[in-house]
Amino acid sequence: MRISGNQLEALYRRLYAAYGPQYWWPADSPFEMMVGAILTQNTAWTNVEQALQNLKQSKALHVHAIIELADEKLAALIRPSGYFNIKTKRLKNYARWFVDAGCFRTLKCLDDEVLRRHLLSVNGIGPETADTILLYAFERPLFVIDIYARRLFKKLTLISGDEPYATLRLAFASVLADDVPMLQEYHALIVRHGKEKCSGDATCKHCAVEALISV
DNA sequence: ACCCAGGGTCATA
DNA sequence: TATGACCATGGG
């Protein structure tokens, strides 16, 4: 694994030039963002949109509604997002933790690493979900390593792709600027790029981004 | 019909 | 520490 700040900045500029700003995370509130982060685990976002829409229509997209709603009712609402029984438990675990921890008013005052540990203590919140919540709901500076990031950096031969999450996280953290808007945009662009298909002609954005990076 | 998607937990060795 | 099974819908 050999990652340099210059390479990461060059890649960011190339992604931004190709796709422009993505305006992530798509959510009307921080709490909706956190719910979406759990629902999208190993699931296509289009499925999550359906589930979020169901929750909105039932006025259930609120901490207390999640806590009070019967498991069967909640599971039925989030059904389109898949793994609905597991995700029902995870949403409830998270909502209870969030209230017990004092909601945003208290949580936003915690140090980055303390808050991260706290998030990871919730059953159902792993490193990726915790980091997306930290970056987009709590606006903490960090680089999210998801499946798209692994694929892209592997393709660019900057990583092997099977490094543990902690290894990649520390490697990126040591090299990237603590620029929250940039880091939010960076992750969004990587996902956007991952979904983009090759157009087949010379104007292909996908191929332009993946061309060799000269530092 | 098959494959995978904006992961994480738990049991096993 | 490191694999493997499991969870489940919807779109290509």
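Below, all heavy atoms of this structure are taken into account, side chains as well, without hydrogens, waters or symmetry copies. All figures in this text were calculated on a predicted structure; none of them were measured in a lab. Below, read A as the first sequence line, B as the second, and so on, with proteins coming before strands; counting in each chain starts at 1.
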Practice task
On the 0 to 90° scale, with breaks at 30° and 60°, tag the A/W45-A/W25 ring pair as parallel, tilted or perpendicular.
Solution key: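 It falls in the perpendicular class, over 60°.
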Exercise for the section: Give one of base, sugar-phosphate or nothing for A/I125, where a contact means two heavy atoms less than 4.0 Å apart. Expected result: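 It contacts sugar-phosphate atoms only.
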Exercise for the section: Not counting sequence neighbours, which residues clear ring-ring contact (aromatic ring centres under 6.0 Å, His included) with A/F172? List them please. Expected result: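 Applying ring-ring contact (aromatic ring centres under 6.0 Å, His included) to A/F172 gives A/F143, A/F153.
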Handout entry: Sequence-distant partners of A/Y16, ring-ring contact (aromatic ring centres under 6.0 Å, His included), two or more places apart
Key =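 For A/Y16, no residue satisfies ring-ring contact (aromatic ring centres under 6.0 Å, His included) once neighbours in sequence are set aside.
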Handout entry: Nearest-angstrom distance, P atom, C/dG10 to B/dG8
Key =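 Comparing P positions in C/dG10 and B/dG8 gives a spacing of 23 Å.
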Handout entry: Donor-acceptor side-chain pairing of A/T203 and A/D201 below 3.5 angstrom
Key =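 Side-chain D/A pair, A/T203 to A/D201: present.
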Practice task
For DNA chain C, determine which residues of residues 71-87 of chain A have any heavy atom closer than 4.0 angstrom to one of its atoms, and list them numerically.
Solution key: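 Heavy-atom cutoff 4.0 Å gives A/R79, A/P80, A/G82, A/Y83, A/F84, A/N85, A/I86.
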Practice task
Specify the residues of residues 27-37 of chain A, ordered by number, for which at least one heavy atom lies under 4.0 angstrom from an atom of DNA chain B.
Solution key: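 By residue number: none to list.
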Handout entry: Residue-level proximity of residues 41-61 of chain A to DNA chain B when a heavy atom falls under 4.0 Å
Key =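 A/Q41, A/N42, A/T43, A/A44, A/W45, in order of number.
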Handout entry: A/L120 CG to B/dT9 C1', straight-line distance once rounded to whole Å
Key =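 A/L120 atom CG is separated from B/dT9 atom C1' by 13 Å.
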Problem - Secondary-structure string, 5' to 3', Watson-Crick or G-U under 3.5 Å, | for another-strand partners, for DNA chain B - result: .||||.|||||||
Handout entry: Given DNA chain B, 5'-ward residue of the pair A/G124 and A/P26, judged by closest heavy atom
Key =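 Residue closer to the 5' terminus by nearest nucleotide: A/P26.
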Practice task
Report yes if at least one side-chain N or O of A/T40 is closer than 4.0 Å to OP1 or OP2 of B/dG7; otherwise report no.
Solution key: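 It does not, given that no N or O in the side chain of A/T40 lies less than 4.0 Å from OP1 or OP2 of B/dG7.
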